[in-house]
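Scroll down for the structure; my scribbles are underneath it.
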There are 2 protein chains.
Amino acid sequence: MEPVPPPNNQSTVPAPDKTRLSRELVLSTALALVDSEGLEALTMRRLGQELNRDPMSLYRYAANRAALLDGVTELVLNELAIFPQDPDWQSQLRQIAHDLRLLALRHPNVVPLLVTRPLSTPLGLRPLGTLRPLEQILSLLIDAGFEPADALHVYRAYYGFLYGHILNELQEYIVDPEENEALLRLGLHRLPPKEFPRLRALGPVLADYDGAAELDQGISILLSGLAAPLARAGTSTKPL
Amino acid sequence: MEPVPPPNNQSTVPAPDKTRLSRELVLSTALALVDSEGLEALTMRRLGQELNRDPMSLYRYAANRAALLDGVTELVLNELAIFPQDPDWQSQLRQIAHDLRLLALRHPNVVPLLVTRPLSTPLGLRPLGTLRPLEQILSLLIDAGFEPADALHVYRAYYGFLYGHILNELQEYIVDPEENEALLRLGLHRLPPKEFPRLRALGPVLADYDGAAELDQGISILLSGLAAPLARAGTSTKPL
DNA sequence: AGACGCTTGTCTACGGTGTAGACGTTACGC
DNA sequence: GCGTAACGTCTACACCGTAGACAAGCGTCT
């Protein structure tokens, strides 16, 4: 019966603003929450509490939790800026790859969403922000001289590799680099030597991993391979 | 107080076997459930009901739900047989790639687990079945003449691309090929023409997607690029 | 001014979830 | 046979997403 608001028992959130909510505010708070505490911390109730609102108010800005996740995905992907000013499509793609990699490292907890959400939504029905990179890269490739269909193939190979690399890198990336080595060794030590001799021997090498370099090399290999059909661009019908 | 067991009110499950449970039985039933009804259908209660047991009995075979998911992942990965008999490492890797692709198509609902679970577990602490392909491929590459460290790099590029491709393919793969075209067009039609001209124009091309071919080409590009350091193997001590 | 309707936020309630802990019950080695 | 450990069940709790009814604020039109 006491209408007095309890004296703010959570100390983390400094701003109990009662300003109007907005989709942007909801989504960016959700992203902040995911970034700091992981995906499973993003519940409707928790997000409501973070915004100092009833959980149900969120449903005005996202139809349900899945839509909210899509929103976060879109928000993150919007951080990826693609400027097609550079005439060299190869260096362009290389640049985008590094940008996306850094984006993923900035929001590691969102990466599962990035790779997983599209699996449950047909391409055409995905949030527009999600499709924009695709459109832009297609455009970039077509402008560079690729037939549209070939551009699609190139895109697939390129983006596939890129996502794969990001997943790879994030797997070996442990939050605390201090205990990384220790944990890694501990883990490796657990492996039966008879069954995993190679892996165990690679312990030190696994420890230091230059993701940017590795990505760059992979991209180089891929690009040189993909550029081939452009070189002999007489027939647009067959390859790729 | 009445000790009489209620006369079996659920009619769905045909096999009310009351045989002893086992980890294998639990996991394979879980996998079957995921395959047929998707990841979100795999709840402890539902799985218990599928096995005609109290949900709590499952905790004797998996510490918690996360461990259960790991178990399913491992089970699926065990379907991947790697026989290092073929002396040609390139064709070997190509073979594995196709095998893994088919595995993913056989268990599309498990793919999110495949790419996501490792993100939450440090490499050394993952289920052994999960690490076995890694070990085997490393072994394969080292036997082929790669320095261990180089083998790791090759593995990363290769597996990265492979996982990326699988994700890509599954994204464009819609369950019902009948309504695929329709849904796709519907979806594409929704896109603002001004903003997505390229994507919209590619509708027909998007519709037919030969995943195997696309994968094969990508692998070819990658392998030819990766084989280069082997060719100029001056610094290498290993005899081929 | 008043009345209207739309948007926003709140409240209550329901069925579902994972799982801790105590408790029978069964199987098996001795 | 007995004792012990593994197995299965039960109850209970805190938490989850969200349907549906409702209150409060707002701008617009008359």
Side-chain angles (χ1 to χ4, degrees), chain A residues 1-6 9-10 13 15-30 33-34 37-73 113 116-117 120, chain B residues 1-10 12-13 15-30 33-34 37-73 112-113 116-117 120:
Chain A
M1 283 296 175
E2 272 296 84
V4 52
N9 41 0
Q10 83 270 24
V13 180
D17 308 48
K18 276 290 187 181
T19 67
R20 240 347 182 5
L21 282 184
S22 71
R23 183 171 162 87
E24 289 71 33
L25 180 56
V26 168
L27 290 184
S28 62
T29 319
L33 186 54
V34 171
E37 306 194 28
L39 264 183
E40 67 278 17
L42 179 53
T43 73
M44 303 306 266
R45 289 171 148 93
R46 178 66 197 281
L47 182 54
Q49 157 180 345
E50 215 73 18
L51 287 163
N52 234 288
R53 289 295 190 306
D54 186 284
M56 291 310 284
S57 51
L58 304 175
Y59 287 90
R60 302 279 176 199
Y61 304 94
N64 48 40
R65 193 178 118 94
L68 191 114
L69 294 179
D70 282 335
V72 171
T73 309
L113 291 186
T116 275
R117 297 298 312 162
S120 22
Chain B
M1 283 294 177
E2 271 295 85
V4 52
N8 189 9
N9 40 1
Q10 82 270 28
T12 59
V13 179
D17 307 48
K18 276 291 185 180
T19 66
R20 213 48 163 323
L21 282 184
S22 72
R23 183 169 161 88
E24 289 70 34
L25 181 56
V26 169
L27 290 185
S28 63
T29 319
L33 186 54
V34 171
E37 305 194 28
L39 263 183
E40 67 279 16
L42 180 54
T43 73
M44 304 306 267
R45 290 171 150 91
R46 177 67 196 281
L47 182 54
Q49 157 180 345
E50 214 74 16
L51 286 162
N52 234 290
R53 288 294 190 306
D54 186 284
M56 291 310 283
S57 51
L58 304 174
Y59 287 89
R60 302 277 177 198
Y61 304 95
N64 48 40
R65 194 179 118 94
L68 191 114
L69 294 179
D70 282 336
V72 172
T73 309
L113 291 186
T116 274
R117 296 301 310 162
S120 23

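- Base contact: Ser57(A) has a heavy atom under 4.0 Å from a base atom.
- At whole-Å resolution of the value, OH in Tyr59(B) and P in dA20(C) are 7 Å apart.
- Rounded to whole Å, atom C1' of dT9(D) lies 16 Å from atom CD of Gln49(B).
- Spacing between atom CZ of Arg53(B) and atom C1' of dT25(C) amounts to 13 Å, rounded to whole angstrom units.
- Contact annotation for Arg45(B): base contact, defined as any heavy-atom pair under 4.0 Å involving a base atom.
- Taking 4.5 Å as the limit, some side-chain heavy atom of Arg53(A) sits within range of a side-chain heavy atom of Leu21(A).
- Rounded to whole Å, atom P of dG18(C) lies 6 Å from atom CZ of Arg65(B).
- The CG-C1' distance, from Leu47(A) to dC15(D), rounds to 16 Å in whole Å.
- Nucleotides of DNA chain C nearest to Arg60(B) and Leu21(A) differ in position, and the one nearer the 5' end is that of Leu21(A).
- Side-chain atoms of Met56(B) lie closest to dT9(D) of the nucleotides dC16(D), dT9(D), dC11(C).
- Whole-Å rounding puts the Glu40(B) CD to dC16(D) P distance at 19 Å.
- Annotation: side chain of Thr116(B) is not in contact with side chain of Leu69(B) (no heavy-atom distance under 4.5 Å).
- The distance from atom CG of Asp54(A) to atom C1' of dT12(C) is 10 Å, rounded to the nearest whole Å.
- One finds a side-chain N or O of Tyr61(B) lying less than 4.0 angstrom from the OP1 or OP2 phosphate oxygen of dG8(D).
- Side-chain contact between Leu42(B) and Arg46(B): absent, with no pair of heavy atoms (C-beta onward) separated by less than 4.5 Å.
- In this structure a side-chain-to-backbone donor-acceptor pair under 3.5 Å is present from Arg23(B) to Tyr61(B).
- Spacing between atom CG of Leu58(B) and atom P of dC10(D) amounts to 14 Å, rounded to whole angstrom units.
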